[in-house]
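Because the structure is predicted, anything quoted here is derived from the model rather than measured. Just so it is clear: chains get the letters A, B, ... in the order the sequence lines come, proteins before strands, and each one is counted from 1.
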Amino acid sequence: MKEYIIKRLALGVVLVVAVSFLVFSLMYMMPGDPIDIMISDRVSEETKAEMAHKYGYDLPFFTQYFNWVKGVCHLDFGTSARYRQPVWSLLGARIPYSLRLCSLSLLVEMLFALPLGLLCAVKKDSWIDKFCVNVSLVLTAVPAFWFGTLLIVVFAVGLGWLPISGYQTPAHYILPVAAIAFTSVGSTLRITKAEVLEVLHEKYVTTAYAKGLPRKRVLVKHVLRNSLIIVVTLTFMSIPWMITGAVITEKIFAFPGMGNLLLNSIVVQDMPVVQAVLLIIAILTVICNLASDIITAFLDPRIKDTISGGEN
Amino acid sequence: MSKKKEKANKPKKVILNQRFDDTFRQCIHNSNFMIGFFIILSVILIAVFSGVLEPYPYDEQMVGPRLEGPSWEHWFGTDNYGRDELSRVIEGSKLALWVAFLGASVELALGITIGLAMGYFGKWVDRTFSFLTDLTWCIPGTILALAVVTIIGKGLTNTIIAVSLVAWAGYARPVRSKTMSLKNMAFIETGRAFGESSRAIMFKYIFPNVVPSLIVMVSMNLPGTIMSTTTLSYLGLGSQPPSADWGLALSDGMKFISRAPWLSIYPGLALVYTTLGFNLLGEGLRDILDPHMKSQ
């Protein structure tokens, strides 16, 4: 078990390092000179060179990379070319909004997907199962940005109940959260259903029934408990998806989060900001994958067995 | 040698025909497959006959008043240049199918080659590409494609390539595991004994066995490819005006959301219709061709 966790952690660290290199080289490959973004064309070549020297853009690639990594370790992501502000202070102002948006969406998604998935599995082939499965099939075909637009058309423009965009009051969160949660609810529901069905077909469930345990008890003690593992894994695994949905949804609702910052910065090629946001997203994804692996290993004794060679 | 081959082939053909009949029957009885099939067929027909179906030229301005709501003359209304929205939505179907076709081709070419190599050669080839797939999964696909497209430049074709460059891993992994399970089988050994090259073994012996699951994978992955590409077009990095791309149409419509909400509705409906078609087709095909993966 310990060995497994250490192995996974080591892989995670290697991945983070590799991803930081990937992100940095992606930005390095982008066309356009970072200096040109900062200043107007009329500035002389010498001043440009001076600026390049000041920000270290004239150094060789690897030196630039190492300097950047050194900075990142101290939460110094460089200076935004567009806002002329330290990237970290830009991010610091936006992270809370994105965090709030994402966690609310995740909560709503799970509140709908998990009970419904369980219900669909237990009442397989009933009308409610068919209804949920069909709706979720349609929902997986709906892109987050269009669902957000539809919500605006109906609830903000048509009915006028909720604001079109902004972030000031809790009412501003309703539409973006709905847009993100309901476009990702479909796949989570279907996975939950499939996994619960698998648990239902396990031999220990049959055994439990054979022992004469009442159905309710079997469902709660055997099925639900084992399904919790899926819940945990799913929660962590859906976070990267959620981020993608959130990035575009933030743009639609003019929400001052990281996603909006990322998109605006990509358009003007504000590289330090793009690098920082991409790196944060990547690290988050690695952590989520790691967490889901490790927690699953803890919760599921069978996995633990295979890891430690079945000693326990 | 060739005579022997012919002899060996004959009974196989009968079996194949039978298998084809079985599969065909299964297809007809699978509602997901049939609905998906007819949706995609209708999209293809609309794209093919777009010239006849479009009531107005899709890029002609002022065929009606600007930003007019749906009416008998303009079923889907008109946009801010007075262009007929219905014609533009129809024209967009061509682009959506182009995305599906090119995206699937690039993803398949990369995914199959890399997956076969990973499974067949193992060792460092496997480890290197496994690490690469892990790496591409560290950043959500659409966002990574966003970064790639800023490097290789805007435009629909570039966007499709960027999305595919990120998505090949989804094919490589399953192809790899399938190859690994096949590579020690007797017929591969025979091929090797006949002196076939590694490349021939990979593409002539192993690849045909991967095809059924690939068909399923393509139809399952296509909706994602279409969605990512449309998202990038929506963000202004894919198709450029005056293209009739649905993503672009939606982002234009967003500017007039209060005055002309229909501009935000119809292109989206068309997009969902197409994606849903591929989704259903994929579901159906999976149940038919890959019973092990059957969804409950």
Open item on the list: So which residue, Ile252(A), Leu279(A), Val133(A), ends up with the most heavy-atom pairs under 4.5 Å with chain B?
Closed with: Ile252(A)
- [ ] Heavy atoms only, distances under 4.5 angstrom: which of Asp125(A), Val23(A), Val286(A), Ile266(A) has the most pairs with chain B? Name it, please.
- [x] Ile266(A)
Open item on the list: Given heavy-atom pairs under 4.5 angstrom as the criterion, report whether the side chain, backbone, both or neither of Ile283(A) touches chain B.
Closed with: neither
TODO: Kindly state each residue pair satisfying side chain to side chain donor-acceptor pair (under 3.5 Å) with at least one member in residues 151-162 of chain A, sequence neighbours excluded.
DONE: none
TODO: Would you give the length of the straight line joining atom CG of Leu15(A) to atom CG of Leu135(B), rounded to the nearest 0.5 angstrom?
DONE: 6.5 Å
Open item on the list: Once rounded to the nearest 0.5 Å, what's the spacing between atom NZ of Lys251(A) and atom CE of Met254(B)?
Closed with: 10.5 Å
TODO: Could you tell me which portion of Ile226(B) (side chain, backbone, both or neither) has an atom closer than 4.5 angstrom to a non-hydrogen atom of chain A?
DONE: neither
Open item on the list: I'd like to know if the side chain of Trp146(A) and the backbone of Ser264(B) have a donor-acceptor N/O pair within less than 3.5 Å.
Closed with: yes
Task: Region of Leu26(A) that comes under 4.5 Å of a non-hydrogen atom in chain B - done: both
Open item on the list: Less than 4.5 Å apart, side chain to side chain, heavy atoms only: is that true for Val272(B) and Pro143(A)?
Closed with: yes
Task: By side chain to side chain contact (heavy atoms under 4.5 Å, CB included) - contacts of Thr275(B) (at least two apart) - done: Ala141(A), Pro223(B), Met227(B), Leu271(B)
- [ ] Would you give the length of the straight line joining atom CD1 of Ile243(A) to atom OG1 of Thr142(B), rounded to the nearest 0.5 angstrom?
- [x] 12.0 Å
Task: Pairs meeting criterion side chain to side chain donor-acceptor pair (under 3.5 Å) with involvement of residues 128-137 of chain A, two or more places apart - done: Asp129(A)-Lys193(A)
Open item on the list: Heavy-atom cut-off 4.5 Å, strictly under: side chain, backbone, both or neither for Leu235(B) against chain A?
Closed with: side chain
- [ ] Report the distance from atom CD1 of Ile139(B) to atom CD1 of Ile281(A), rounding to the nearest 0.5 Å.
- [x] 8.0 Å
TODO: Identify the two heavy atoms, one from Leu137(A) and one from Asn279(B), that lie closest to each other, and give their separation to 0.1 Å.
DONE: O-ND2, 4.1 Å
Task: Neighbour count above 12 (heavy atom, 6.0 Å) for Phe131(B) CZ - done: yes
Task: Sorted by number, residues from residues 91-103 of chain B in contact with chain A (heavy atoms, under 4.5 Å) - done: none
- [ ] Could you tell me which portion of Val19(A) (side chain, backbone, both or neither) has an atom closer than 4.5 angstrom to a non-hydrogen atom of chain B?
- [x] both
